[in-house]
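Below you'll find the structure, written out as structure tokens, and then a few comments.
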Amino acid sequence: MANQFPAALVAAVTAIAAGETSDEVLRNIRVVDAATGEEIIRVISADTVAGTVTRFVVEDGNLVREDNAFATVTEERAIRIEWIVPPEASDDAEPSVAGDPAAQDEGRA
């Protein structure tokens with residue numbers, strides 16, 4: 001009987017950017033301050049390796065305008081990008097049995 005293992009999870013992304021990262025991914029992640037665990041809202045882009053996050057400026061729950069655009073701020077801080085609901089890895093990511101003689105023999109029996 002073969003061992004049963006839980007489905008592999010997809011590793012969290014290390015960088016995101018609005019307009020570059022797919023909407024499907026953006027809807028399913030959150031950017032979190034690594035020191036406090038608090039979610040960072042209104043994120044435009046984030047990079048965990050560089051330790052930067054660019055976000056819209058929010059005051060009293062509202063976006064702040066500067067002239068004809070919304071104000072943004074780029075901060076250097078330790079962050080994490082977390083899955084809200086971790087997706088499962090596709091079946092294509094599972095190792096092939098081509099290099100496993102025992103697995104090949106099971107198919108011939």
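Hydrogens, waters and symmetry mates are skipped; everything else that's a heavy atom, side chains included, is used.
Rounding to the nearest 0.5 Å places CD of E76 at 11.0 Å from CG of D47. Within the model, atoms CD of E75 and CZ of R55 stand 4.0 Å from one another, a figure rounded to the nearest 0.5 Å. Here T52 contributes atom OG1 and R77 contributes atom CZ; the two are 11.0 Å apart, rounded to the nearest 0.5 Å. The CD1 atom of I29 sits 3.5 Å away from atom CD1 of I16, with the distance rounded to the nearest 0.5 Å.
V53 and F56 are members of different hydrophobic clusters when ILVMFWY side chains are connected at heavy-atom separations under 4.5 Å. L26 is connected to V31 through a chain of hydrophobic side-chain contacts under 4.5 Å among Ile, Leu, Val, Met, Phe, Trp and Tyr, so both are in one cluster. Clustering ILVMFWY residues whenever any of their side-chain heavy atoms sit less than 4.5 angstrom apart, transitively, puts V43 in a cluster other than the one holding V58.
Using a 4.5 Å cut-off on side-chain heavy atoms (C-beta onward), W83 and N28 make contact.
Between the side chain of T54 and the main chain of S45, no donor-acceptor pair closer than 3.5 Å is present.
Residue pairs meeting the side chain to side chain donor-acceptor pair (under 3.5 Å) criterion with at least one member in residues 56-69, sequence neighbours excluded, do not occur.
The two residues I40 and V32 make their nearest non-hydrogen contact at CD1-C, 4.1 Å. Scanning both residues, I79 and A46, for their nearest heavy atoms gives CD1-CB, 3.7 Å.
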